[in-house]
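Proteins come first, then strands; the chains are lettered A, B, ... in the order of their sequence lines, and each starts at number 1. Reckoned from all heavy atoms, side chains included, excluding hydrogens, waters and symmetry mates.
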There are 2 protein chains.
Amino acid sequence: MSAYYTRNDRLYVAVDCVIFGLDHGRLSLLLTKRSFEPEAGKWSLMGGFVGREESVDEAAARVLHDLTGIADVYMHQVGTFGAVDRDPGERVISVAYSALVNIADVDSAAVAEHEAHWLPLDELPELGFDHPMMIERALASLRRKFAVEPVAFRLLPPLFTLSQLQALYETVLGEGIDKRNFRKRVAEVESVVATDSIDKTGSRRGARLYRFDNDIYEQNLRFKI
Amino acid sequence: MSAYYTRNDRLYVAVDCVIFGLDHGRLSLLLTKRSFEPEAGKWSLMGGFVGREESVDEAAARVLHDLTGIADVYMHQVGTFGAVDRDPGERVISVAYSALVNIADVDSAAVAEHEAHWLPLDELPELGFDHPMMIERALASLRRKFAVEPVAFRLLPPLFTLSQLQALYETVLGEGIDKRNFRKRVAEVESVVATDSIDKTGSRRGARLYRFDNDIYEQNLRFKI
DNA sequence: TCAAAAGTGTTCAGGGTACACCCATGG
DNA sequence: CCATGGGTGTACCCTGAACACTTTTGA
């Protein structure tokens with residue numbers, strides 16, 4: 001360990017996870033009720049400190065894994081929040097991450113242990129710290145991603161109906177979509193493939209189930225270059 | 001000062017600035033040759049540590065101001081780089097910022113004092129740390145911004161020709177643009193206004209000078225809502 | 001007079017959007 | 001038999017891309 005930098009300050013660095021999931025068709029966040037100071041009693045994003053021996057990305061993955069039991073989750077940085085007074089207790093800089101999970105994969109015991117709950121985005125409670133800002137930014141970047149990458153399928157179960165897919169797009173993009181135009185577009189995407197299964201839970205008639213094929217998606221990507 | 005977090009590690013937090021400028025028509029970066037360890041002798045982005053009493057954004061603005069003498073520069077976060085071994089000397093987490101400046105505004109004395117130089121993007125020297133990755137990410141986000149916001153004008157002098165503007169777009173987007181189509185598009189943008197001045201330095205015939213009117217831009221924005 | 005950059009319109013194709021009705025089934 | 005969600009095709013418009021020649025003037 002060298003002394004190049006000894007004149008400078010060391011600061012606490014934390015990560016906070018904005019965890020998106022689709023709960024009964026509603027876009028939701030996994031939030032916990034804080035049981036300790038500061039901001040005890042308020043809802044907040046799940047967070048943790050970055051240790052000396054782990055990268056920031058690793059810290060985020062660790063926090064998410066502790067809470068949900070899932071590894072290898074799709075995460076990306078939303079931004080770093082570094083206002084001097086953002087944490088009333090101490091000077092803490094936080095790197096916010098956004099994560100997309102399929103709710104069925106979540107270990108409900110781990111979630112219960114942390115007193116975490118899925119709360120729909122359009123009915124969020126009051127949140128502590130600068131977490132509302134983080135969520136806003138995460139949502140904005142989610143919208144952008146939706147327009148470019150096939151991230152929707154990370155929120156959906158392996159088999160899904162086109163109505164579920166459309167509803168998800170409508171929620172995230174915040175606007176209605178014409179059913180025929182939507183299906184026309186999906187039909188042109190080879191990586192969304194029809195299966196032989198039918199979902200009978202959503203309607204009397206039953207709806208065909210589709211799956212997302214990542215191999216096909218990546219092949220088509222390569223082809224474009 | 002409380003003791004909520006005393007069990008956790010404190011880390012050095014730095015900022016690094018990817019400073020874009022247009023030098024003789026070429027998109028360039030302001031880089032310095034490091035005179036001290038670690039990575040002494042290599043070129044690097046201009047950086048500095050975040051102090052306990054300043055926000056991360058403030059630290060970035062301070063570093064940029066020290067080097068260029070400019071305040072109120074357009075900056076935004078590119079991302080946080082937190083690999084454990086990214087700095088060979090110590091554990092340092094760095095938040096990269098991108099800045100767009102008009103080269104004429106730069107205080108050349110301050111720049112010289114820091115042994116900084118404008119180096120064209122397509123002829124970059126070997127850089128230390130993970131700075132190449134930061135530059136790559138900054139460039140990607142610059143391209144995205146160019147497609148959405150009128151950021152080009154932050155790199156150009158107050159008066160510019162359409163050829164200069166087109167050349168800048170071509171450099172940043174990395175592809176040629178048809179002159180007539182480009183001018184047609186610009187003509188539809190009310191915030192780019194023709195002036196009565198003519199630039200005689202670039203051609204025998206002379207080219208009309210244009211300016212960007214931010215008020216008009218913002219009025220049109222409001223109108224769209 | 002000529003080199004060098006400035007400036008100027010039209011045509012066409014493809015993608016995006018608007019729009020309304022029949023189908024299958026369980027209760 | 002009917003309520004409920006599933007599923008399907010067409011016409012039009014508008015944006016984006018391709019494309020080449022004339023103008024001005026300093027040297």
From [atom1] of [X] over to [atom2] of [N], roughly how many Å is that when rounded to an integer?
X	N	atom1	atom2	value
B:R205	D:dT24	CZ	C1'	5 Å
A:I198	D:dG6	CD1	C1'	10 Å
B:L165	C:dG7	CG	C1'	15 Å
A:E175	C:dG16	CD	C1'	13 Å
A:F182	C:dG15	CZ	P	19 Å
A:E188	C:dG14	CD	C1'	11 Å
A:N181	D:dA11	CG	P	15 Å
A:I177	C:dG15	CD1	P	19 Å

Between [X] and [N], does any side-chain N or O lie under 4.0 Å from OP1 or OP2?
X	N	result
B:K200	D:dG26	yes
B:R183	C:dG7	yes
A:S163	D:dG6	yes

> For the residue pair B:F212 and B:Y217, does the interplanar ring angle fall in the parallel (under 30°), tilted (30 to 60°) or perpendicular (over 60°) class?
Replying inline: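 Plane angle between 30° and 60°, so tilted.
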>> Reading DNA chain D from 5' onward, which residue's closest nucleotide shows up sooner: A:G202 or A:R180?
In response: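 First, find each residue's nearest nucleotide; the 5'-ward one identifies A:G202.
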> B:K179 or B:R185: which one's nearest nucleotide on DNA chain D is closer to the 5' end?
Replying inline: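 In this pair, the answer is B:R185.
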>> For a quick check under 3.5 Å, do A:D215 and A:Q219 share a side-chain donor-acceptor pair by atom type?
In response: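 Per modelled atom types, A:D215 and A:Q219 side chains form no pair under 3.5 Å.
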> Would you say the side chains of B:T161 and B:D199 form a donor-acceptor pair under 3.5 Å?
Replying inline: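 Note: B:T161 and B:D199 side chains miss the donor-acceptor criterion.
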> Nearest of C:dA6, D:dG5, D:dC19 to any side-chain atom of A:S203?
Replying inline: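 Output: D:dG5.
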> Hey, does the side chain of B:Q77 reach the backbone of A:T80 with a donor-acceptor pair shorter than 3.5 angstrom?
Replying inline: yes
>> Quiz question: going by heavy-atom distance under 3.5 Å, is there a donor-acceptor pair between the base of C:dT10 and the side chain of B:K184?
In response: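 Yes.
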> Closer to the 5' end of DNA chain C via nearest nucleotide, is it A:R204 or B:G206?
Replying inline: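 Residue closer to the 5' terminus by nearest nucleotide: B:G206.
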> Where do A:Y97 and A:D57 land on the side chain to side chain contact (heavy atoms under 4.5 Å, CB included) test, with the steps shown first?
Replying inline: CA-CA 9 Å; A:Y97 282 78; A:D57 289 350; 2.4 Å; yes
